[in-house]
Amino acid sequence: MDKKELAAEVQRLKKEKNAVILAHNYQIGEVQDVADYVGDSFGLAQKAAESDAEVIIFCGVHFMAESAKILAPEKKVILPVKEAGCPLADMAEVEEVRAKKKEHPEAAVVAYVNTSAAVKAEIDVCCTSSNAVQVVESLPQEEILFLPDKNLGHYISQKTDKKIIIWEGYCVTHHRVAPEELDKVRENHPGAPIAVHPECPPEIVQGADYVGGTSGILKFSRETAAQTVIIGTEMGMLHRLQKENPEKTFFLLSPRLICVNMKKTTLEKVLLSLQELAPEIEVEEEIARRAKQSLERMLAIK
Ligand code: CIZ
């Protein structure tokens, strides 16, 4: 089958199986194009919960499909590639989190959504890259144990007077961006605003014109009067940015902004997952109940 036939078969089977296809902003273009919704992990998990479909095909990485299952436990959640994981999420394990909590009994524990369901079950509240500062500020505690991303933790610490205890994790993709790349891009595209993800190292975040998660970068790019924008997040975003803003030009801050896990999902894999309704994501009931509380506490913060 060529790509067009594959995409048509995906759409046919999706209807037959009463499925909805959700794709993360970092997925490859052809996968984004067959999806019903494209977005960030939390937005997609909410779409999963709202949908009437019986089956959720979640094109993303493991922790994202887990969040969808937590918010939509009655649905079958399928992650087309079982091995599509998140090295950042793997940098915080349950036992380590428990030990750190003992070291800092006074601290509130805030975790980025890029964590496993088991870790979400151990913490006080979740956050996304767009609401992290707001979540921290809303808490009564003056001390915050923040995990697992040290760059996002550093960014928060610059925006609050609270004491942020920072975990040693990082996103292997965003952490690669080097200051020389920022200098080079400014030289090559003078005047073009640079929008970066807070998972980038502090020197990159400090030198950027806009800092935000994927939804924030999409909004910034839509609203800016600039015709050329430099993007400092995973390259999959360029597909959506270009599709939604055909009159503008987008350049990637670094050619190394590629997440290999996000690139594992192909149209062929999406079709296979619809045919087999596998691999299915399960979250143990008690873990799901406690992890859901951490997500709901985040949602309750206005
Ligand atoms: O949570 C997400 O979707 C990620 C990984 C990034 C973002 O900023 O949207």
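Remember, it's a predicted structure, so these values are computed and weren't measured experimentally. Counting from 1, the numbers follow the sequence of the chain as shown. Counting starts at 1 for both ligands and their atoms, following the listed order.
Protein residues having a heavy atom under 4.0 Å from any atom of ligand 1 are His24, Tyr26, Asp40, Ser41, Met64, Val113, Asn114, Ser129, His197, Gly213, Thr214, listed by chain and number.
In summary, Arg240 and Glu244 engage in a salt bridge, as defined by a charged side-chain N under 4.0 Å from a carboxylate O. Looking at Arg12 and Glu9, a side-chain N of the basic residue comes within less than 4.0 Å of a carboxylate O on the acidic one, giving a salt bridge.
With sequence neighbours excluded, the residues forming a side chain to side chain donor-acceptor pair (under 3.5 Å) with Glu280 are Lys76, listed by chain and number. Under the ring pair (Phe, Tyr, Trp, His ring centres under 6.0 Å) criterion, Phe63 pairs with no residue at all, not counting sequence neighbours.
A side-chain hydrogen bond (donor to acceptor under 3.5 Å, both in side chains) with Glu199 is found for exactly one of Tyr155, Tyr170, Tyr112, namely Tyr112.
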Can you give each donor-acceptor pair under 3.5 Å made by side-chain atoms of residues 47-59, sequence neighbours left out, with the distance rounded to 0.1 Å?
unit_1, atom_1, unit_2, atom_2, d
Ser51, OG, Ala53, N, 2.9
Glu54, OE2, Asn18, ND2, 2.9

